[in-house]
Amino acid sequence: MDSSHPQEQHAETRLVTSGRDTKAQKGFVNPPVFHGSTVLYPTAEDLHAHRGEFTYGRHGSPTTKAFQETLMALEGPQCAGVGIVPSGLSAISTTLLSVLKTGDHLLVCDNVYRPSRNFCNGMLARYGVETTYFDPMIGAGIEKLFKPNTRAVLVEAPGSQSFEMPDIRAIAEVAHSRGALVIDDNTWATPLYHRSLDQGVDISMQAATKYIGGHSDIMFGTVSANAKAWPMVAEGIRLLGVCAGPDDVFLALRGLRTLSVRLAQHHRSGLDMARWLAGRPEVARVLHPGLETDPGHAIWKRDFTGASGLFSIVLKPTPQKAVDTMLNTLQLFGMGFSWGGFESLAIPFDCDAYRTATKWAPGGPTLRLHIGLESVDDLKADLDRGFAALKAAM
Ligand SMILES: *Cc1c(COP(=O)(O)O)cnc(C)c1O
């Protein structure tokens with residue numbers, strides 16, 4: 001940890017001041033983008049000893065160092081290191097490969113990102129790691145699923161389609177008593193709104209493609225770990241050879257600098273839209289842990305300091321054709337995967353296709369919305385038009 005950025009300062013300040021070495025940058029505010037593979041050593045002795053702050057492009061550059069220091073300052077004092085990987089999914093796969101071995105057992109929350117499940121069911125199964133999925137609301141009841149060889153628990157809070165909020169503190173307490181590690185996909189809240197390493201999580205990862213990048217223009221992933229887990233993650237990254245391109249590292253760092261203002265707006269607009277949607281006659285339920293009526297609200301209030309702009313709605317029973325007509329009518333809400341950029345999105349989804357530990361029966365068509373940085377008045381007008389088209393098509 002850089003001692004010139006004390007933890008007493010607020011996160012907003014640390015996001016701006018960390019990872020900057022103005023003198024080394026000849027006065028410029030931002031670090032240059034180091035495009036590089038080879039790093040030259042001044043003497044044969046230095047070469048033999050691999051001596052030097054930077055040794056090879058894959059292992060880092062002043063650009064990656066600036067990013068890592070800034071994210072570390074945001075994660076808080078428990079963070080012992082930050083690994084950089086080329087995508088959010090590779091943050092998951094790199095983490096799991098770093099901490100698991102053949103014969104191990106893994107517990108995975110039933111609401112995790114679907115490609116994370118595919119990795120467990122595909123590659124991990126092939127290498128002899130067994131996965132058991134569990135109910136996101138299980139809490140301390142997870143104890144009964146532990147086996148002598150359970151090595152890790154993977155959670156996502158909240159799940160990025162269905163938005164159940166697992167009780168990470170309760171799960172971590174059990175996991176640690178059984179000698180297992182807790183891995184959190186913290187993409188939804190980012191470490192700005194959820195300091196998961198302070199709450200019993202050992203490894204916290206980010207699809208930095210989403211809010212950290214913030215502009216829908218990069219693929220990027222990060223793995224932050226505490227002192228217990230960091231040596232495993234660092235070794236895994238080194239052995240697997242994953243890294244990211246310098247332009248994407250630079251853009252991710254630029255994203256971090258403005259994360260606090262963007263997320264504050266996503267939080268405000270997201271909650272405003274969620275409340276408005278909860279009052280619409282076409283909507284049966286809004287799945288957003290920031291709403292007082294949400295089953296995950298108490299945990300969200302206890303563990304999180306804000307919400308991002310992503311949540312889901314359950315429509316009253318409606319033919320899919322009418323929902324499609326609504327989606328085709330929307331102009332400000334684009335249809336596309338990913339989220340966390342400046343623009344609003346709407347996509348239909350169905351968790352029933354892949355869940356195994358719990359039954360997903362929402363009772364109507366479901367839409368996931370990302371509330372971007374547009375005016376909420378314009379977004380409401382767009383949805384008004386969409387609902388009118390939905391009714392006309394029924
Ligand atoms: C998008 C996403 C990922 C994967 O990130 P990529 O950068 O697209 O690989 C992982 N977890 C969650 C929760 C996501 O939404």
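Counting starts at 1 for both ligands and their atoms, following the listed order.
Between Leu89 and ligand 1, at least one N/O pair is under 3.5 Å apart. By the 3.5 Å distance cut-off applied to N or O atoms, Lys210 is counted among the residues near ligand 1. Distances between N or O atoms of Met219 and those of ligand 1 include no value under 3.5 Å.
Nearest protein heavy-atom contact of atom 11 (N) of ligand 1 is Asp185 OD2, 2.6 Å. Atom 6 (P) of ligand 1 has as its closest protein heavy atom Gly88 N, 3.3 Å. Given atom 7 (O) of ligand 1, the protein heavy atom at minimum distance is Thr209 OG1, 2.5 Å. For atom 10 (C) of ligand 1, the closest heavy atom belonging to the protein is Tyr113 CD2, 3.4 Å.
A salt bridge is defined here as a Lys NZ or Arg NE, NH1 or NH2 lying under 4.0 Å from an Asp or Glu carboxylate O, and Asp272 with Lys380 meets this definition. Taking the charged nitrogens against the carboxylate oxygens, Lys65 and Asp21 have no contact shorter than 4.0 Å, which rules out a salt bridge.
Within ligand 1, the atoms closer than 4.0 Å to a non-hydrogen atom of Trp339 are 15 (O), numbered from 1 in the order shown. For ligand 1, the atoms closer than 4.0 angstrom to any heavy atom of Glu156 are 13 (C).
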Would you list the atom pairs, donor with acceptor, under 3.5 Å between side chains in residues 214-221 and any protein atom, with sequence neighbours excluded?
{"from": "His215", "atom 1": "ND1", "to": "Gly213", "atom 2": "O", "distance (Å)": "3.0"}
{"from": "Ser216", "atom 1": "OG", "to": "Glu343", "atom 2": "OE1", "distance (Å)": "3.1"}
{"from": "Ser216", "atom 1": "OG", "to": "Glu343", "atom 2": "OE2", "distance (Å)": "3.0"}

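Counting only N and O atoms by type, the side chains of Asn186 and Tyr193 include no donor and acceptor under 3.5 Å apart.
Residue Ser87 touches ligand 1 through backbone and side chain together, judged by heavy-atom distances below 4.0 Å.
Residues His288 and His297 place their aromatic rings such that the two centres sit no closer than 6.0 Å. For Trp188 and Tyr211, the ring centers are positioned 6.0 Å apart or more.
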